[in-house]
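So the structure is just underneath, and the comments pick up after that.
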There are 2 protein chains.
Amino acid sequence: MLEYKDKHYYCPVELTMDLVGGKWKGVIIWYLKDSTMRYNELKKKITTISEKVLIKELRSLESDGIVSRKVYPEVPPKVEYSLTPYGKTLIPIFELISKWGNKHVELYGTLKE
Amino acid sequence: MLEYKDKHYYCPVELTMDLVGGKWKGVIIWYLKDSTMRYNELKKKITTISEKVLIKELRSLESDGIVSRKVYPEVPPKVEYSLTPYGKTLIPIFELISKWGNKHVELYGTLKE
DNA sequence: CGGTATCCATTCGGATACTG
DNA sequence: CAGTATCCGAATGGATACCG
């Protein structure tokens, strides 16, 4: 039995999926893979996510040490999100996931404009 | 823009996470990695999943060609679940995920009995 | 044994309005 | 710009009982 942040998991796959699984976290990590992004940039890229959910996912990733949030004390405000060095250890995983998804579309899906 | 089963995705990571992400699918795939399992075996292994959710996830994985369901016409009934050859192409991904989870526990979590 | 059906509480998630 | 606050319907998830 594994324990992290007062939650119990019986296998490491379950734990990882709890931290970076779900509908959006992988996509966020994927966008931050090679560049820092501002809040609004992410929002524009991931058009189908709501603001509420985006900020919730970012906070969650931040609290697990995967994403870092840097605030510039300017007006208008500027906040940049990026992967921490620890978050970057996830990149190989999402590289495989991305490749698998591409292949899946080739085999069973379609590409639209 | 990607399309699969009438759903739209704007990146392959999103698609893959939709198919095998979520709280339970990874764990199910992980258990089926090296052996066929009966419904009740899975239920006993993944103690914290409800029957309803387990069957829903299995059906979903089946409909995406990842898991196959074999019914033996016996009394009492016997149903075996296993990974299809296509489902096995996911194993390298979950191997990385499992390793990452183990490391995460070493660094930030604890191991209980 | 391998599921369904049902009920119900909780959470998720989208839309919109507002603020420092 | 980068969020918060609020409303509210939809979807999820657990527990239990029941069935072929």
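Protein chains get the first letters and strands the later ones, always in sequence-line order, with residue 1 at the start of each. On a predicted model such as this, the values are computed, not experimentally measured, just so you know.
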Would you mind reporting whether Glu51(B) and Tyr39(B) have side-chain heavy atoms less than 4.5 Å apart?
yes
What is the separation between atom CD on Glu41(A) and atom P on dG3(D), rounded to the nearest whole Å?
13 Å
Within the 4.0 Å heavy-atom criterion, would you say Lys52(B) contacts the bases, only the backbone, or no part of the nucleic acid?
base
Within 45° of the six-membered ring axis of Trp30(A) and under 6.0 Å from that ring's centre, is NZ or CZ of Lys33(A) located there?
yes
So which nucleotide from dG13(D), dC1(D), dT4(D) ends up closest to the side chain of Val53(B)?
dG13(D)
Over 60° means perpendicular and under 30° means parallel, so classify the ring planes of Tyr10(A) and Tyr31(B), tilted if in between.
parallel
What is the nucleic acid contact for Glu74(A), judged by heavy atoms within less than 4.0 Å: base, sugar-phosphate only, or nothing?
nothing
For Tyr81(B), answer base if it contacts any base atom (sugar-phosphate contacts may also be present), sugar-phosphate if it contacts only those atoms, and nothing otherwise; contact means non-hydrogen atoms under 4.0 Å.
sugar-phosphate
For Tyr4(A) against Leu19(A), the heavy-atom pair lying closest together:
CE2-CD2, 3.8 Å
His104(A) vs Tyr108(A) aromatic rings, parallel, tilted or perpendicular, using cut-offs 30° and 60°?
tilted
Bounds of contact between DNA chain C and chain A, in 5' to 3' order, using a heavy-atom cut-off under 4.0 Å
dG13(C) to dG20(C)
Regarding the side chain of Pro77(B), the nearest nucleotide among dG20(D), dA17(D), dT6(D) is dG20(D)
Is the shortest distance from a Lys or Arg side-chain nitrogen in Asp18(B) or Lys23(A) to a carboxylate oxygen in the other one below 4.0 Å?
no
Return no unless some side-chain N or O of Arg38(A) is found under 4.0 Å from OP1 or OP2 of dG3(D).
no
